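A short worksheet on the structure shown next.
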Number of protein chains: 2
Amino acid sequence: MNASQHGDDGRSYHHGDLRKTLLETCCAHIASQGTEGLSLRALAREAGVSPTAPYRHFDSRHALLAALATEGFEELAASMRAVALDDPVQAFFDCALSYIRYAAGNPVKYHLMFGEVIGDFSGHEELTAAAGDCYARLEQVLQVGLDSGDLRPDNLEELCGTVWALVHGLAGLTLAAQAKASSKPIEDIMQVPPLRAQQAVAAAPERAVLRLMEGLVADPSRLHGLKH
Amino acid sequence: MNASQHGDDGRSYHHGDLRKTLLETCCAHIASQGTEGLSLRALAREAGVSPTAPYRHFDSRHALLAALATEGFEELAASMRAVALDDPVQAFFDCALSYIRYAAGNPVKYHLMFGEVIGDFSGHEELTAAAGDCYARLEQVLQVGLDSGDLRPDNLEELCGTVWALVHGLAGLTLAAQAKASSKPIEDIMQVPPLRAQQAVAAAPERAVLRLMEGLVADPSRLHGLKH
DNA sequence: CAATGATGTTGACACTGCAAACATGGATGC
DNA sequence: GCATCCATGTTTGCAGTGTCAACATCATTG
């Protein structure tokens, strides 16, 4: 499975570092032409290798995408782990925004992580684990808030689901607005809300998060003191 | 279920009503095997016609999916138009839930409507129009609430975006929970939140909507009197 | 220095979307 | 009644795909 013990530097064998090249080319390709027409053969062509060379590194087309998504989840988890827990309300806010910001900053990976491209996670151990880590962090942040009384008493899992649903939805809107604004609707997530609404939300995802927190926090007045 | 009438929509030439048959077979196929491996040729085979016969009815594979999505948006718009506007708070609640319930009841179409399958709506006039209608209705409902003072003063478009983001996210969770529960990983929307959280939200989307409304409504005590 | 196993290549198969030319037969005008 | 038209369905064909199997290469290691 793992084949990275040859040299700590990339150079080795015929191509040099085909695996890495494929991942990067794949990203670029998705960013510029979407995920639909993406083909392993095209990636191989672009990398200057034979059509089936990628199969030495990825079991299937699916596996390549999954690897990219796994990278994404690990990065997202890291960024969510970076928020401080000392102030639960601030942590809630930061955690939500870090999610949205990750999406905005990594549209392609986010697309792979949460889109329907990969479909079934089962069979991709690392992917499942990395995704689980992200969610666990959100859960932890909310649990801390419930424990401290900064959040109104609530069912943890329902609360988590609700928060996740909103944040995920906001991320999608932000991404869509961004994609359309960049004049190349390369990634075509979320067509439905008209551009104005998407832009309105994308311009201030903080306010959208606050709208939800307003109803969840024990003392809404605290929301005014949050650092953005 | 049988079509022996020669209405304005379907004609009865060689096949009988290929267009309709294709739409139905397509739905069934997506429901049972997902959207990834779906091929026009397979549909044609299943319908007992030649591999390229579908092209007499749909310009492309894309167009077939788009037609299905358009149907979906029209149905959703109808169900959102069916909510009474006399009580703005109740209307908000009903509208949100009717969205979620439509998703739960029509997973395949919802998938096509809001998933990434169709990608670019441009070029599909009817699709765009139908989707716009849905959003317009949500906007209208919220506008009424703002006008009447039942909702706290807010920016309409941001508010719309926020509500839409939550509702859309909830619908996705509900769908995912449902798909997993039915043991058929048929539609693979939203893998990330663990099953428990999905189930928790799916079991009571009303409460999730209420969590948001809590922060948006001028008089939260009114929420206790809502009819479910 | 030879053996080994990871890496890349060639060739092949079944499948896809889609276009163009062709065939069929119900609807329509005379 | 008959000829015609045109929507519907067929055949043929091309370019492209994912993936497998057999083969070639070459850095690393015993």
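It should be emphasised that the depicted structure is a prediction, and the values quoted were computed from it without experimental measurement. Just so we're on the same page: letters track the sequence lines, and every chain starts at 1.
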If you check every side-chain atom of [X], which of [options] has the closest atom?
| X | options | answer |
| --- | --- | --- |
| A:Ser60 | D:dT19, D:dT17, D:dT10 | D:dT19 |
| A:Arg45 | D:dG18, C:dT10, D:dT17 | D:dT17 |
| A:Tyr55 | D:dT10, D:dG18, C:dT9 | D:dG18 |
| A:Ala53 | C:dT9, D:dT17, D:dG9 | C:dT9 |
| B:Ser39 | C:dT16, C:dG8, C:dA21 | C:dT16 |
| B:His57 | C:dT16, D:dT8, D:dT19 | D:dT8 |

#### Entry: Pair B:Phe73 + B:Tyr135: ring centers closer than 6.0 Å
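No, too far apart.
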### Query
When the nearest nucleotide of DNA chain C is assigned to B:Asp59 and to A:Pro51 on a heavy-atom basis, which residue is associated with the more 5' position?
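It is A:Pro51, whose closest nucleotide lies nearer the 5' terminus.
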To the nearest Å, how far apart are [X] [atom1] and [N] [atom2]?
| X | N | atom1 | atom2 | value |
| --- | --- | --- | --- | --- |
| B:Leu43 | C:dC18 | CG | P | 12 Å |
| A:Leu22 | C:dT7 | CG | P | 12 Å |
| B:His29 | C:dT16 | NE2 | P | 9 Å |
| B:Asp17 | C:dG26 | CG | P | 16 Å |
| A:Glu46 | C:dG8 | CD | P | 17 Å |
| A:Arg56 | D:dA22 | CZ | P | 12 Å |
| B:Glu36 | D:dG18 | CD | C1' | 11 Å |
| B:His62 | C:dT16 | NE2 | P | 19 Å |

#### Entry: From A:Glu24 atom CD to A:Arg19 atom CZ, the distance as rounded to the nearest 0.5 Å
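Output value for this atom pair is 12.0 Å.
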### Task
Hey, could you give me the CG/NE2 distance between A:Leu23 and A:His57, rounded to the nearest 0.5 Å?
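A:Leu23 atom CG to A:His57 atom NE2 measures 10.0 Å (nearest 0.5 Å).
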### Query
Which of parallel (below 30°), tilted (30 to 60°) and perpendicular (above 60°) describes B:Phe114 and B:Trp164?
tilted
### Task
Using the six-membered ring wherever Trp is involved, compare the ring planes of A:Tyr99 and A:Tyr110 and label them parallel, tilted or perpendicular (cut-offs 30° and 60°).
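A:Tyr99 vs A:Tyr110 ring planes: perpendicular.
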### Query
Which is true for A:Leu64 with a 4.0 Å heavy-atom rule: it touches a base, it touches only sugar-phosphate, or it touches nothing?
nothing
### Message
Using heavy-atom distances to pick each residue's nearest nucleotide on DNA chain D, tell me which of A:Arg41 and B:Gly48 is more 5'.
### Response
B:Gly48
### Query
How do B:Thr52 and A:Arg61 order along DNA chain D: which one's closest nucleotide is nearer the 5' end?
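Upstream on the strand: B:Thr52.
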